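Have a look at the structure below before the remarks.
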Amino acid sequence: MTVWRAFKRDRLALLGAIIVAIVVVVAILAPWLAPAPDDATIAVHPVDGLLAPGSGHWFGTDQVGRDILTRVLFGARTSLRIAIEVLVIAALVGMPLGILAGYAGGIVGDVIMRITDVFLAFPALLLSLALAAVLTPSVSNAAIAISVTWWPWYTRLIRAQAATVAASGYVTAARALGVSHVRILIRHVVPNAAAPVIVQASLDFGGVILTAAALSYLGLGAQDPTPEWGLMVNQGQTLFQTHWWVVTFPGLAILVTALGFNLIGDGLRTIIDPRQVLHDRGS
Amino acid sequence: MIRLLARRLAQALVVVAGVVVVTFAVARVIPGDPAVTYAGPRAQKAELEAVRQKLGLDRAWPAQLATYAGGIVTGDWGTSLHTRRPVLDDLATAVPASLELVAVALLGAAALGIPLGVLAARRKGRLVDITIRLLTTLSVSMPVFWLGLILQHQLSWFPVSGEYAADLDYTSPLTVYTHMTIVDAAIGGNGPVLTSALAHVVLPAMAIAAYPLGAIAQMTRASLLEVIGEDHVRMARALGFSERTIYARLAMRPALNPVIALIALVFAYSLANTFLVESIYDWPGLGSYAAAAIGSLDTPAILGVTLLIAIVYVLLNLVVDVVQTLIDPRLRGSA
């Protein structure tokens with residue numbers, strides 16, 4: 001496992017791994033870790049509104065008296081859920097198209113790649129925002145809207161891979177022996193394409209989480225009372241001058257989570273392919 | 001060369017045509033019944049019919065698409081539902097302010113990011129490098145809307161809203177040439193407005209600059225490290241040229257090529273990021289316009305902004321492609 005050894009030597013990547021591990025554990029254990037689990041759903045306590053951080057509420061409370069620490073902890077679930085949904089949909093749509101474009105080539109491949117170019121012409125935030133704006137705002141629709149902007153990256157990634165495999169000697173040999181296209185795809189092309197997709201998906205977590213938070217901040221993603229960090233920043237922004245904690249903690253949660261994933265991604269990228277530098281992708 | 005240009009231009013036009021189709025799909029196909037969106041939930045049947053006829057929704061969708069695409073080409077981008085003005089006019093008013101903001105942000109990001117990247121590359125693996133990598137990763141991980149709020153709160157000795165102090169309109173009225181306040185004030189020699197505008201742009205530009213700063217520094221570092229590993233640089237080292245000469249004379253120029261391409265592409269991303277920052281600072285650009293449009297479910301306006309930024313993105317890509325091919329003859333074969 002030379003990759004693992006190189007990864008361990010990269011202290012920043014290790015830091016990223018620790019952060020991500022904490023976020024994942026928090027997401028799983030949120031109901032047990034949170035001081036007031038009901039505040040993540042329907043509970044409101046207007047009497048306790050806007051309490052400053054202190055012994056009762058480490059991160060303070062929001063306008064309707066909900067414990068912000070609780071909502072930040074549960075927010076990890078929302079963010080990870082969106083990110084996983086987006087990346088699974090993007091991979092499930094992008095991979096078959098990329099395999100088809102690479103393996104079949106010709107006109108089919110050209111058409112698929114031109115469509116890919118069109119979707120890549122929109123900055124991720126932009127197209128997902130336009131889509132989310134015409135859909136009913138919800139966590140699932142935000143995930144769908146982001147997926148629509150994300151799949152082309154996988155198609156592009158996989159096409160080259162599939163084309164190389166299709167042109168390789170053992171595939172030609174298998175064809176000559178009468179092995180069907182379907183069998184070649186399943187036995188040779190898909191397994192070869194899977195690894196880069198998984199790596200790319202792990203690099204993309206940070207970007208997806210930032211995009212999702214931005215959609216929710218604009219009111220186009222999660223809706224109250226769903227605990228979502230971007231939405232929490234939105235709800236607290238008019239109070240910032242007087243009640244800093246309502247905005248500060250959820251924003252820090254976004255920053256730290258994205259940082260963790262991006263540090264891992266950076267480390268992986270340097271180990272796997274030092275020449276491939278960051279995606280030109282906004283947040 | 002001419003053939004190459006023509007081919008790239010044709011490819012870009014195909015992509016722009018595709019972009020128009022996608023925005024059409026978002027506007028007309030996905031929302032179910034756009035007539036209901038347009039007329040409001042309480043509209044009567046007859047009203048809905050009237051709206052359908054007005055929007056052309058009673059026709060087959062290829063005909064609708066043709067009308068829509070024809071409108072885009074001839075400058076009819078629809079009417080904004082919240083300003084009740086043609087979308088293209090609204091965009092023309094909003095674009096200069098955003099261009100100004102993004103340009104200042106990218107200038108700052110490049111001025112700081114490139115030296116940071118060079119420094120990190122020269123001290124690869126040392127503490128300086130690790131610190132810069134951590135800071136730049138932090139910078140690309142920033143939720144920009146949150147950064148905007150934090151900066152506004154923490155650095156409030158800078159002006160926190162608008163393009164320049166409004167009371168200057170009485171004492172030193174600004175002559176408008178380009179609708180970009182800083183440029184106009186500089187051209188007109190309007191000192192007070194220039195000073196005020198420069199102070200006003202600092203905070204929103206810092207929020208917009210976070211992502212480009214980190215991305216530029218990381219790209220500079222990676223690109224420089226790659227060039228340093230190439231044979232001709234190793235040869236120069238073996239011949240005993242000083243590190244200074246190697247970096248300044250041999251490595252920097254090829255290493256900056258991808259960085260310049262990145263800056264052009266990040267430009268479009270930053271235009272999209274103005275959606276998250278401008279409304280915080282009452283900056284009268286595309287972002288504030290888009291945020292208001294989202295708030296009032298103004299689909300024509302949202303799609304107008306989307307289309308505009310996508311077209312800018314495609315054109316910038318084209319320019320970068322062509323310029324790089326002109327600079328680097330090695331790329332010509334692959335065209």
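Order of the sequence lines fixes the chain letters, A, B, ..., with proteins taken first and strands second; residue numbering starts at 1 for each chain. Bear in mind that the values here come from a model prediction, so they are computed numbers and not experimental data.
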Checklist outcome for this item: Smallest heavy-atom separation, B:Pro143 atom then A:Gly251 atom, equals CG-O, 3.9 Å
Checklist entry - Under the side-chain hydrogen bond (donor to acceptor under 3.5 Å, both in side chains) rule, what pairs show up with a residue in residues 108-128 of chain A, not counting sequence neighbours? => result A:Arg114-A:Asp117, A:Asp117-A:Arg156
Next on the checklist: Under 4.5 Å from any heavy atom of chain B, what part of A:Leu12 do you find: side chain, backbone, both or neither?
Outcome noted: side chain
Item to check | Proximal component of A:Leu220, with respect to chain B [non-hydrogen, under 4.5 Å] | outcome: side chain
Checklist entry - Hey, does A:Val247 have a side-chain heavy atom less than 4.5 Å from the side chain of B:His153? => result no
Item to check | Best-contacting candidate, A:Ala258, A:Ala121, A:Gly16, against chain B by heavy atom pairs under 4.5 angstrom | outcome: A:Ala121
Item to check | Heavy-atom check, side chain of B:Tyr269 versus side chain of A:Leu125, under 4.5 Å | outcome: no
Item to check | side-chain contact (heavy atoms from CB on, under 4.5 Å) evaluation trace for A:Leu255 with B:Trp146 | outcome: CA-CA 9 Å; A:Leu255 173 60; B:Trp146 180 75; 3.9 Å; yes
Checklist entry - Around atom CZ of B:Arg133, are there more than 12 heavy atoms of other residues, nucleotides or ligands at under 6.0 Å? => result yes
Item to check | Taking every non-hydrogen atom, the tightest pair across A:Ala130 and B:Leu303 | outcome: CB-CD2, 4.2 Å
Item to check | side-chain hydrogen bond (donor to acceptor under 3.5 Å, both in side chains): pairs with one or both residues in residues 134-144 of chain A, sequence neighbours excluded | outcome: A:Arg81-A:Ser140
Checklist entry - Just checking heavy atoms, which of residues 230-238 of chain A are less than 4.5 Å from chain B? => result A:Gly230, A:Val233, A:Gln237
Checklist entry - Is the shortest heavy-atom distance from the side chain of A:Leu210 to the side chain of B:Tyr211 under 4.5 Å? => result no
Item to check | Interatomic spacing from CG in A:Asn262 to OG1 in B:Thr136 - rounded to 0.5 Å | outcome: 10.0 Å
Item to check | Closest contact, heavy atoms only, B:Ala310 versus A:Leu126 | outcome: N-CD2, 4.1 Å
Checklist entry - Any idea which of A:Ala213, A:Ala133, A:Gly206, A:Gly265 has the most non-hydrogen atom pairs under 4.5 angstrom with chain B? => result A:Ala213
Checklist entry - Where is the tightest heavy-atom contact between B:Val19 and A:Phe122, given as atom of each residue plus distance? => result CG1-CZ, 3.5 Å
Next on the checklist: Given heavy-atom pairs under 4.5 angstrom as the criterion, report whether the side chain, backbone, both or neither of A:Trp244 touches chain B.
Outcome noted: side chain
Checklist entry - Between A:Leu127, A:Thr257, A:Leu129, which has the largest tally of heavy atom pairs under 4.5 Å with chain B? => result A:Leu129
Next on the checklist: Taking side chain as everything from C-beta outward and backbone as N, CA, C, O, which of these in A:Leu15 sits under 4.5 Å from a heavy atom of chain B? Side chain, backbone, both or neither.
Outcome noted: side chain
Next on the checklist: So which residue, B:Ile280, B:Ile150, B:Thr23, B:Val14, ends up with the most heavy-atom pairs under 4.5 Å with chain A?
Outcome noted: B:Ile150
Next on the checklist: Holding to ring-ring contact (aromatic ring centres under 6.0 Å, His included), I want the full list of residues that pass it with A:Phe119, two or more places apart in sequence or in another chain.
Outcome noted: A:Trp151
Checklist outcome for this item: Scored by heavy-atom pairs under 4.5 Å with chain A, the best of B:Val21, B:Asp298, B:Ile311, B:Ile294 is B:Ile294
Checklist entry - For chain A, which of B:Leu138, B:Ile302, B:Thr306 has the most heavy-atom pairs under 4.5 Å? => result B:Thr306
Next on the checklist: Among B:Val16, B:Val314, B:Leu134, which residue has the highest count of heavy-atom pairs closer than 4.5 Å to chain A?
Outcome noted: B:Leu134
Checklist entry - Taking atom CZ of B:Phe145 and atom CG of A:Leu218, what is their separation to the nearest 0.5 Å? => result 8.0 Å
